[in-house]
Amino acid sequence: MTRTTIDVGIDLGTTNSAIAVLDGVEPRIVKNDAEQSDVTPSAVRVDRQGRVSVGRAAKQRSEEDPDNTCVEFKLQMGIAVPPKVFAATGRSMAPEELSAEVLRSLRQDAAKHLGAEVEAAVITVPAAFELSACDATRAAAERAGLVQAPLLQEPTAAALAHGFQAADDDAFWLVYDFGGGTFDAAVVRIRDGELTVVDHRGDNNLGGKQVDWAVVEELLIPAVVREHPVSDLRRGNPARRRHVSKLKLAAEAAKIQLSRTASTEIVVELHDDADRPFEFFYDLTRAEVERLAEPFVVRTVNLCRKALADSGLGPGDIERALLVGGPTLAPYLRERLADPRAGLGVPLDWSQDPITVVARGAAVFAGAQRLDPALAGPPPPSGQYAVELEYRPMGPEIEPFVGGRVTGADTAGCSVEFVNDGTRPPWRSGRIPLSADGTFTTTLWAEKGRANAFRIELTDATGARRPVTPDTLTYTVGGVDTQPPLTHSIGVGLDGNKVERLFRKGTPLPARRRARLRTTVAVSRGGGGQGMIRIPVLEGEHARANRNRRVGRIEVRPDQVARDVPEGSAVELTVTVDESRTVVARAYVPMLDEEFDCVLDLRTEAPPDPAELAREVAAEKERLAEVRRKADELGDPRGGGVLARIDAERVVLTLDAEVDAASADPDAAAAAGRRLMDLRASVDEVEDEIEWPALVAEANELLPTVREVVQDAGEESHRSALRRAEEALQEAVAAHDADLLRQRTSELRRVLIQVLDYSGELPFLLFDRLCSMRPEMSDQREAAHLIGTGRRAADANDAAALRRVNSALLDLLPERTRLDPLSTVRLGR
């Protein structure tokens, strides 16, 4: 029987990877060929002969030979970091090339298991993965020879593995996915056999490896330095890279061992400053690891609670929490999560192997994905019958709907029949006459608990059987994922540190949006032209553009335009995102009456160099200290709660360690860049809480003025705009969202400006405001001349001349002041 669905799922992990195949209704792990193990370490080595090895043998050599081995490269996917250079050969490989080697190894293991080439597989990614990382994963799949490789979020895969054949009719689950390098918390709902992700929270730099590094940096390195003459032993010292690598691998192995014992001995051979070898011994206890893991566990619990709160749910609404990832094997973690006060307070479910459950869930999802026809087998010879089918290979219905069209030869008088030989007696649909164009529709009957294979029988007008391709259809009754949600909001950056939000977090995929923007530079046509339409793509939830992650940019180059495009020209941007978070962008420029398939460069910018990173962190720590002082003075409970969360998660200490390691470890630099952005957002949150009373007061003072102006000088359109602005303002106050309140207040002020402009008062009020800002202007002599001209225009009631003066005065102000002219006017009556 020709395979018609993908059926193969891959968990491409930070520490370990795995591959599974759906066999009927049973997703089975394919053991690797080298060791017959369920998992393959995500490690790549290039030896002196240029031979590439993947898996445990490569990881074991990383202890002795880190210069020619690479591990934990998943977290650098999609980031503009330097490639790994293997010292023995000089060969360099980017993170997506390293991931391709792991995928190629898994693909070869599956091919041996199936006895056929594997050219399609579902690949899982963390739900918190950025667009750029997803794009890099697709590139790795293509490089590894996977022609069809849809992406699936890891929490969804885990839920599918648990819920594929579950009997739950209506239940909420919480997926707690604590992996080697990433954490995801997802609230999912199982209803009528369909699975929906309700909400998600995650962190791309929160996993078991953070605990390993804490053991190394807070326990093992201090012990080595105390007992032996080894100077400057730290993660950030490239000269000590081999020592640190050995300690890291030993810490990881010991941590795993402590899931079964209370203590274990670490023995590592190192060299002192005189290059004399010595054996380092350390008795690591479970209690020590638990103490070091605590702040990371606190962060996972906080993310889970946030996901529940955003879903409008509490622990009592959750039937069970599914444990995913190697770290969840630790008894301490399970006890901690079960605690109703300090943990989740939800029944825990580890009935499936937490290490391989994601790969099995990926295989389940793969069984619901139809194989690309080009991969399903050769087309029938010319003149023979073929059937194009429309159906879901998997779903909760026992009577699935199927439609299709028979082509390739004359279909007059033909009928089609479906036969399920797995039932006793075999179930038959009866002959279904084809319409004049060869189409048909019907419903089948399937049994639960197995894959139902239906033979397709085609008969001609005489009742004779005729061969048809394909000649089978497979359908399985089981839970499926319906419209995966977008896990981060997607927008574009605008002048003034603003964001034009295209897709909100939680938007069901696929999705399509259109935005009307304006160019900020002129574009001169031709190969030697100047300027470029460049639109930054942002991911995140913050109203300030620089608090979101820049994951790429949309570009229209000068050589693409037929004639010059002046500054301020309209650009209609259309963006689509599919279920795998593949982004396609098109830009329509009305003045050219032309649409462009945009070059979408999805790559997260590299973090700043270590010295600059250290300066930025120091500045943010000063800002944190200042808001802490203000919050203490005011006794603000909300701000204090955010500060307590920062302290409990040891954000600053973790950030300091990553910055110190950044010069020798690109992964640490990328992690520090992300963690710094998170810290900035948290400090913003405290500032917002402190400023909240002033923001509310500003809005309440402005509202009566706008009402009075609209009543006196506005028309019906202005009154409608005011009603909308008032409602939006009240929503922002009710949501206690400072950024949103600032935005709504600006919108209210915009209504005021529109009415005053309509009535003719605006130029005069703006001129008065600009006169008061004269000390800030760059050219005092020109400012004095313009102000004199403006006063004469005001005396003559010449609004047009005053507008020209105002425009010239605005140009003399600092850019930060003139970015939003509305903010330069403080109006009152």
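Both backbone and side-chain heavy atoms feed into the values below; hydrogens, waters and symmetry mates do not. Because the structure is predicted, anything quoted here is derived from the model rather than measured.
Side-chain contact check for Val402 versus Thr441: every heavy-atom pair is 4.5 Å or farther apart. Side-chain atoms of Leu308 and Ile318, non-hydrogen and from C-beta on, do get closer than 4.5 Å to each other. Residues Val492 and Leu538 form no side-chain contact, since every pair of their non-hydrogen atoms from C-beta on lies 4.5 Å or further apart. Two residues are said to be in side-chain contact when any heavy atoms from C-beta on lie closer than 4.5 Å; Pro396 and Asp192 fail this criterion. Between Val187 and Ser311, some side-chain heavy-atom pair lies under the 4.5 Å cut-off. In this structure the side chain of Leu389 reaches within 4.5 angstrom of the side chain of Leu473, judged on heavy atoms.
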Please report the C-alpha distance between Asp460 and Thr462 in whole Å, then the side-chain angles of each, then the deciding distance to 0.1 Å, and finally whether the side-chain hydrogen bond (donor to acceptor under 3.5 Å, both in side chains) criterion is met. CA-CA 5 Å; Asp460 61 20; Thr462 68; 2.6 Å; yes
Decide yes or no on side-chain contact (heavy atoms from CB on, under 4.5 Å) for Leu174 and Leu322, but give the supporting numbers first. CA-CA 6 Å; Leu174 174 67; Leu322 313 180; over 6 Å; no
Decide side-chain hydrogen bond (donor to acceptor under 3.5 Å, both in side chains) for Asn204 and Thr182; before the verdict, give the C-alpha distance in whole Å, the side-chain angles of both, and the deciding distance to 0.1 Å. CA-CA 5 Å; Asn204 282 338; Thr182 60; 5.6 Å; no
Before you tell me yes or no, could you show the steps for Asn32 and Val39 under side-chain contact (heavy atoms from CB on, under 4.5 Å), namely the whole-Å CA-CA distance, both residues' side-chain angles and the distance that decides it to 0.1 Å? CA-CA 7 Å; Asn32 60 38; Val39 298; over 6 Å; no
side-chain hydrogen bond (donor to acceptor under 3.5 Å, both in side chains) between Asn420 and Asn452, worked out: CA-CA 7 Å; Asn420 186 345; Asn452 293 264; 3.1 Å; yes
Test side-chain hydrogen bond (donor to acceptor under 3.5 Å, both in side chains) on Thr356 and Asp353; report intermediate values, then the result. CA-CA 6 Å; Thr356 60; Asp353 177 12; 3.0 Å; yes
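Contact check on Arg465 versus Glu457 returns a salt bridge, with a Lys/Arg side-chain nitrogen under 4.0 Å from an Asp/Glu carboxylate oxygen. Salt bridge status for Arg191 with Glu194: absent, with no side-chain N to carboxylate O gap under 4.0 Å. Between Asp170 and Arg189 there is a salt bridge, since a side-chain N of the basic residue sits under 4.0 Å from a carboxylate O of the acidic one. Salt-bridge formation is detected for the pair Lys31/Asp38: a Lys NZ or Arg NE/NH1/NH2 atom is positioned less than 4.0 Å from an Asp or Glu carboxylate oxygen. Ion pair Asp310/Arg201 flagged as a salt bridge, since at least one NZ, NE, NH1 or NH2 atom sits closer than 4.0 Å to an Asp/Glu carboxylate oxygen.
No donor-acceptor pair closer than 3.5 Å links the side chain of Thr439 to the backbone N or O of Ser435. Under a 3.5 Å cut-off, the side chain of Ser105 and the backbone N or O of Val102 do not form any donor-acceptor pair. Proximity of a side-chain donor or acceptor of Arg107 to a complementary backbone N or O of Ala144 within less than 3.5 Å is detected. Under a 3.5 Å cut-off, the side chain of Glu417 and the backbone N or O of Arg455 do not form any donor-acceptor pair. Side chain of Asp23 to main chain of Glu26: no donor-acceptor pair is present (N/O by atom type, distance under 3.5 Å, no hydrogens or angles). Panel note: side chain Tyr475, backbone Tyr391; no donor-acceptor pair is recorded below 3.5 Å. With Thr196 contributing its side chain and Val198 its backbone, the two residues share no donor-acceptor pair below 3.5 Å. Remark: side-chain polar atoms of Arg28 are not paired, donor with acceptor, to backbone N or O of Val21 under 3.5 angstrom. A donor-acceptor pair under 3.5 Å is formed between the side chain of Tyr385 and the backbone N or O of Asp410. In this structure, the side chain of Asp11 does not engage the main chain of Val358 through any donor-acceptor pair within 3.5 Å.
Both cation-pi conditions hold for Arg334 and Trp350: the charged atom is under 6.0 angstrom from the six-membered ring centre and inside a 45 degree cone around its axis.
Scanning for side-chain hydrogen bond (donor to acceptor under 3.5 Å, both in side chains) contacts around Ser42 gives Ser17, with sequence neighbours left out. The side-chain hydrogen bond (donor to acceptor under 3.5 Å, both in side chains) test applied to Asp349 returns Arg320, Ser351, not counting sequence neighbours. Shown here are the side-chain hydrogen bond (donor to acceptor under 3.5 Å, both in side chains) partners of Arg581, two or more places apart in sequence or in another chain: Thr487. A search for side-chain hydrogen bond (donor to acceptor under 3.5 Å, both in side chains) contacts involving Arg138 returns Thr582, not counting sequence neighbours. For Val25, the side chain to side chain contact (heavy atoms under 4.5 Å, CB included) partners at least two apart in sequence or on another chain are Phe164, Gln165, Thr476.
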Pair up each side-chain donor or acceptor in residues 153-163 with any protein partner under 3.5 Å, not counting sequence neighbours, and list the distances.
from: Gln153; atom 1: NE2; to: Pro485; atom 2: O; distance (Å): 3.3
from: Glu154; atom 1: OE2; to: Lys74; atom 2: NZ; distance (Å): 3.0

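In summary, of the residues considered (Glu541, Arg504, Lys505), a side-chain hydrogen bond (donor to acceptor under 3.5 Å, both in side chains) with Ser489 occurs for Glu541 alone.
Ring orientation note: the planes of Phe418 and Phe440 are tilted relative to one another, at an angle of 30° to 60°.
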